[in-house]
Amino acid sequence: MTRTVDRRDVAEVLDRIASFMELQGEQPFRVRAFRSSARAVDALPKPIQDAIDDGSLARSKGIGPSTMQIVHEVVTTGHSSLLEDLREQVPPGLVDMLAISGLGVAKIRMIHERLGVDSLPDLEAAAREGRLAALPRFGKKTAENILQGIASLRRASEYRLLHHATEEARHLTTALNQLPGVVQTQVVGDVRRRMELVQELVIVLVADVPPAEVFRRLADLPGIHELAGTDERVVTLRFAGGSSAQIIVTTPVNAGAVLLEATGSRAHLDQLADHAQSKGFALHGAALWRGSEFITTPDEATMYRALGLDTIPAELREGHGEIEAAAAGSLPDLVQAGDLKGLLHCHTTMSDGANTIEQLALAARDAGFQYLGVTDHSQSATLAGGLDPDLIRDQAETIDALNERLDGFLVLKGIEADILVDGSLDYESDVLAGLDFVIGSIHSRFNMSREHMTGRLLSAMDNPYLNIIGHPTGRLLMARNPYPLDLDAVFAKAAATGVALEINADPHRLDLDWRLAARAREAGADITIGADAHGVAGLANVRFGIDMARKAWLTAERIANTKSATEFVAWAKRRRPRAGG
DNA sequence: GCCGTTTTCGGCCCGACTGTTTTCAGTCG
């Protein structure tokens, strides 16, 4: 039996079709059409079957009769005959190479034709042996970059991004909840601790029947390819699609200890074991003991309480001082999703977003927010449709008119301005002065030296109209390293100038990293959580930003967009020169 | 292949810059 096909599987099929066609030398516009259909499928706000049934998929921009037919085939049969035909014609290894930064179609073709290389291992060997560097238009540097690209691809195959893992876990728990005898399911491990990258999905089943019986019923679930038992409490599920999840079964009386153990992290558990010992307890085999006496722990709170600790939120369990804080009763009152009053960093159809200002505003209002900060790209971002000063004025008029109609909800005028090489923003002060707030981001020249890049950011923070540094390190998870920065200098300057640092909530970025956000907090810098939404669906990204903020021990008062709209605008404008002096 | 219509084809996001190499593929949003 095949695993239920979800929209990500379908999007991947469409994207791979595009890649094969690209390598075949197919018309660029045809390739692009498949890529945009993949994006359209991936961005669906509902399960793919529902979107087919209610006709919303067929109406989506980028989906036509041809791609619709492919979607149908993939959903009903689990495969695409077009993709299978293409696999016969183009070695799949060449498609894998497209994922390497610095390798495009032209170079891959050259490598294939001249060296006969058609797989990543072959490519790696060719790079190491100097055969690659000897090709025309290649060199030593290119070969090195390709080796690095292969290494990071390998890392990427071991991890999944948090939003993907979260979605997989939700599907799985829905199925597991149906099993007879299961009284509770809880996602644990990296997903529960909201790690930005997840190595393994782990789920605890609290059951009032023996584990063996649960496992027998597990095997009957649709989509399970294989059950690989490791011991009597733990089983690894393998799905037809190649992914896997670990299932841990426990009884209600010991659920607290098992949940704690399975949630981790290793560092937290080690420190907890030391703490338990100092209190005359021991942690053995995912249970709590006092001498030879088994202590029942029906939930985690019971377990922490027995050890004289306040309950530690899962996000904080990283061994970064949370046990001392819990013992002292000084755990922070972490920011929660409901604390966020405004959505910042949103792109509209005026630059590269998919929805209008009004659509975003209504969606934000429906989601319970009080204001929306519109920040389209600036004029340097030509491809992304950056706004020139005239368009900024047009947008302001649109927003003013919209605000008159929106009862009790406010759209704020902002911009995501490019921070240029010299640290200046790409608008004059008179343009910036007409806005409610300004985000500055680096979108070019990522390879400057640490010294120059740091100077670029520090100098940008001297601009009195700048309020927020967007995605401060420029990283893309598993795809692009952060640019080099003296972060201590950046955090100190942010604290001194009152410029906030963004936790960009796009699950591909999550930048600032939570470890760095904790350092920024200690340095006294303000933080904002930015959706970086390019459409209505992207507004929901803020939850990942909240996750990262919580991991950084942040409370609501340290996050600028927990302020009301009026307070936020006052906060943004406090840096500006006063009129007339 | 999709879109939009000035309905059945023509147009489809740019362009400055980079690195490596020596004329261009890849990058960035």
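In what follows, every chain begins at residue 1, and chains take the letters A, B, ... in the order their sequences are listed. Bear in mind that the values here come from a model prediction, so they are computed numbers and not experimental data.
When the nucleotides B/dC17, B/dG29, B/dT23 are ranked by their closest atom to the side chain of A/R445, B/dC17 comes out on top. When each of B/dA25, B/dG1, B/dC28 is scored by its nearest atom to the side-chain atoms of A/R30, the top-ranked nucleotide is B/dG1. Side-chain proximity of A/K107 to the nucleotides B/dG26, B/dG29, B/dC2 is greatest for B/dG26. The A/R480 side chain lies nearest to B/dG29 when the options are B/dC2, B/dT23, B/dG29. Set against B/dG29, B/dG1, B/dA25, the side chain of A/F446 has B/dG29 as its closest nucleotide.
When heavy atoms are screened at a 4.0 angstrom cut-off, A/S60 is found touching the sugar-phosphate backbone but no base atom. Counting non-hydrogen atoms under 4.0 angstrom, A/S441 reaches nothing in the nucleic acid. A/S380 comes within 4.0 angstrom of nothing in the nucleic acid, heavy atoms only. Within 4.0 Å of A/A381, counting heavy atoms only, lies no atom of the nucleic acid at all. Using a 4.0 Å heavy-atom cutoff across all strands shown, A/P136 reaches no nucleic acid atom at all. Backbone-only contact: A/T142 has heavy atoms under 4.0 Å from sugar-phosphate atoms and none from a base.
For A/E416 and B/dG29, the CD to C1' distance is 9 Å, given to the nearest whole Å. The separation between A/D418 atom CG and B/dA16 atom P is 15 Å, rounded to whole Å. With rounding to whole Å, A/I439 atom CD1 is found 15 Å from B/dG29 atom P. Rounded to a whole Å, the CG atom of A/L135 is 17 Å from the P atom of B/dC24. The distance between atom NE2 of A/H345 and atom P of B/dG29, rounded to the nearest whole Å, is 11 Å. Distance, A/L103 CG to B/dT27 C1': 13 Å, rounded to whole Å. Atom CE in A/M68 sits about 12 Å away from atom P in B/dC3, given to the nearest Å. Summarising the geometry, the separation between CZ on A/F34 and P on B/dC2 is reported as 7 Å, rounded to the nearest angstrom.
Side-chain N or O atoms of A/D42 include none that pairs as donor or acceptor with a backbone N or O of A/R8 at under 3.5 Å. Judged by distance alone, the side chain of A/D118 and the main-chain N or O of A/G93 form no donor-acceptor pair under 3.5 Å. Proximity of a side-chain donor or acceptor of A/R87 to a complementary backbone N or O of A/F20 within less than 3.5 Å is not detected.
In a base pair of the Watson-Crick type (N1 to N3 plus N6-O4 or O6-N4) or a G-U wobble (N1-O2 and O6-N3), with each distance short of 3.5 Å, B/dG26 is matched with B/dC17.
Of all heavy-atom pairs between A/H347 and A/L360, the closest is O-CD1, 3.5 Å.
Note on A/S101: a side-chain N or O is less than 4.0 Å away from OP1 or OP2 of B/dT27.
Rounded to a whole angstrom, the distance from the C1' atom of B/dG11 to that of B/dT6 is 14 Å. For the C1' atoms, the distance linking B/dT8 with B/dC3 amounts to 12 Å, nearest Å. Going from the C1' atom of B/dT23 to that of B/dG29 covers 26 Å, rounded to whole Å. Spacing between B/dG15 and B/dG10 at atom P, rounded to whole Å, works out to 24 Å. B/dC12 sits 14 Å from B/dT5 when the C1' atoms are compared, rounded to a whole Å. Rounded to whole Å, the P atom of B/dC13 lies 26 Å from the corresponding atom of B/dT18.
Ring geometry for A/F544 against A/H163 counts as perpendicular: the plane angle is over 60°, on a 0 to 90° scale with 30° as the lower cut.
Taking 4.5 Å as the limit, some side-chain heavy atom of A/Y427 sits within range of a side-chain heavy atom of A/L387.
In this structure, a donor-acceptor pair under 3.5 Å is present between the side chains of A/D53 and A/Q49.
With values rounded to the nearest 0.5 angstrom, A/L343 atom CG is found 11.0 Å from A/Q370 atom CD.
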Summarise how protein sits on nucleotides 7-14 of chain B as a single string, 5' to 3': B when a protein heavy atom is under 4.0 Å from the base, S for sugar-phosphate-only contact, - for no contact. -----BBB
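For the pair A/I108 and A/N145, both in contact range of DNA chain B, the more 5′-proximal nearest nucleotide belongs to A/N145.
Among A/L83, A/I70, A/V74, the one residue that satisfies the side chain to side chain contact (heavy atoms under 4.5 Å, CB included) test with A/L14 is A/I70.
With a glycosidic angle more than 90° from 0, B/dT22 adopts the anti conformation.
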